[in-house]
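Notes follow once the structure below has been shown.
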Amino acid sequence: MAEPNGRTGLNRTTEPKLLLIPPLETALANFSSGPEGGVVQPLRTVVPVEKYNGFLGVMPAYSAVDDALTTKLVTFYENMKDTSVPSHQATVFLFDPRNGTLKAVIDGTVITAKRTAAVSAIATKFLKPAVADVLCILGAGVQAHSHYEIFTELFSFKEVKIWNRSREKAETFAQSVKGPAQVCSSAQEAVTGADVIITVTMATTPILFGSWVKSGAHINAVGASRPDWRELDDDVMRNSVLYVDSREAALTESGDVILSGAEIFAELGEVVKGTKPALSEKTTVFKSLGMAIEDTVAAKLVFDSWSSSN
Ligand SMILES: NC(=O)C1=CN([C@@H]2O[C@H](COP(=O)(O)OP(=O)(O)OC[C@H]3O[C@@H](n4cnc5c(N)ncnc54)[C@H](O)[C@@H]3O)[C@@H](O)[C@H]2O)C=CC1
Ligand SMILES: O=C(O)C1=NCCCC1
């Protein structure tokens, strides 16, 4: 089984917000090791619910190293008129791999928010420029919050710039976080001068343009998970070094990858293992689509910590 790259891997930590990072690094490395890594993760099934602009995703995975078997069911809906309903809702089913018995049904919404942000943080740890003072977040929803939380815990940004389609939501975001957050009037204003950029919107056409991006910046592209959805324009996709969580998923699900024709340089797991370099001096994009194995290790962590305290 693959071991995370010791040179740059984080030390095991008891800081609760960072507990997910070591198991996720191991899972990414095992996923990118092929059959030898012991991860079984078919491409997720996504069922469009066209009438309501929604999707149901079915995300199963097994990790031999963790001996953990799960499936996540996740719904994601565009343009929700009733904003009290979250756009993304998820449940994780954890099974006993020895006999197939269902052990737990765990809320997957928090797991999805936290594991996605933790994986972006891992990518950023490897790919950010040597000096990274300015963070930019495009979007102000659930993922913007989880990313803000772990990025400000793990890294030392002097400035955090936020843009959202509706300024009001960006202002609510800035008031709710414990730390710096400067609301910007346009995406271009937020991106200009940023060393690390996170795109976490429900956009279906580009909101980030290559001409705005500082040379050497690192971008975590988290939204646009459908083959005809975009967050990034062709310029940024074609003129950056492209890392993905899963090659297979990126070539099937990511509009930014498929429609731009950008070449994939490596999976993040290959960087964690040390078999592909982290070209942090170049402009880099990490295209995240989200992997079932991330939910598996996160659900196991939740279940094990609950079991040991009960
Ligand atoms: N890569 C991964 O592992 C995961 C990716 N995601 C994706 O991350 C993105 C954000 O998810 P959440 O924060 O949970 O959603 P959310 O609904 O909480 O927030 C979405 C944000 O996007 C903004 N927005 C909506 N439509 C827009 C448009 N057309 N242009 C620009 N901004 C727009 C909204 O104002 C809101 O601030 C989504 O695309 C979601 O599918 C979500 C979970 C996992
Ligand atoms: O990994 C996930 O979970 C999701 N990824 C893309 C959008 C829906 C949820």
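One-based numbering, in listed order, for ligands and for the atoms of each. Positions are given from 1 along the sequence. The model shown is predicted, which means the values in this text are computed figures rather than measured ones.
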remark   = Taking only non-hydrogen atoms of H88 and a 4.0 Å limit, the atoms of ligand 2 in range are 8 (C)
note = Heavy-atom proximity to atom 4 (C) of ligand 2, picking from E294, R226, R44, R115, points to R44
Atom of A250, atom of V257 and distance for their closest heavy-atom approach = O-CB, 3.8 Å
inquiry  = Does any N or O of ligand 1 fall below 3.5 Å from an N or O anywhere on M202, backbone included?
reply    = yes
key: Heteroatom distance test (S288, ligand 1): nitrogen or oxygen, under 3.5 angstrom   = yes
request  = May I ask you to check if ligand 1 and T204 share an N or O to N or O distance below 3.5 Å?
outcome  = no
query = Is S87 close to ligand 1, meaning an N/O of one under 3.5 Å from an N/O of the other?
reply = yes
query = Mind checking whether H145 has a heavy atom under 4.0 Å from ligand 1?
reply = no
message = So, regarding W163 and ligand 1 (criterion: nitrogen or oxygen to nitrogen or oxygen, under 3.5 Å), is there a contact or not?
response = no
ask   = Any N or O of K72 that comes nearer than 3.5 Å to an N or O of ligand 2?
value = yes
is_close_aromatic(F286, Y243), centroid dist under 6.0 Å = no
note = Only one of L138, I137, T124 passes side-chain contact (heavy atoms from CB on, under 4.5 Å) with I198, and that residue is I137
remark   = ligand 2 to F76, heavy atom cutoff 4.0 Å, flagged ligand atoms 8 (C)
query = Looking at L289, which atoms of ligand 2 are within less than 4.0 Å of one of its heavy atoms?
reply = 1 (O), 5 (N), 6 (C)
E294-ligand 1 polar pair, N/O distance under 3.5 Å = no
task = Look at ligand 1 and say whether A140 reaches it with a heavy atom at a distance under 4.0 Å.
result = yes
Polar contact flag for I207 and ligand 1 (N/O pairs, less than 3.5 Å) = no
query = Do A144 and ligand 1 have an N or O pair less than 3.5 Å apart?
reply = no
inquiry  = Quiz question: by atom type and distance under 3.5 Å, do the side chains of T112 and K72 form a donor-acceptor pair?
reply    = yes
message = If I apply the N/O under 3.5 Å rule, does F76 come out as touching ligand 1?
response = no
message = Using a plain distance cutoff, I'd like to know if T201 has any nitrogen or oxygen under 3.5 Å from a nitrogen or oxygen of ligand 1.
response = yes
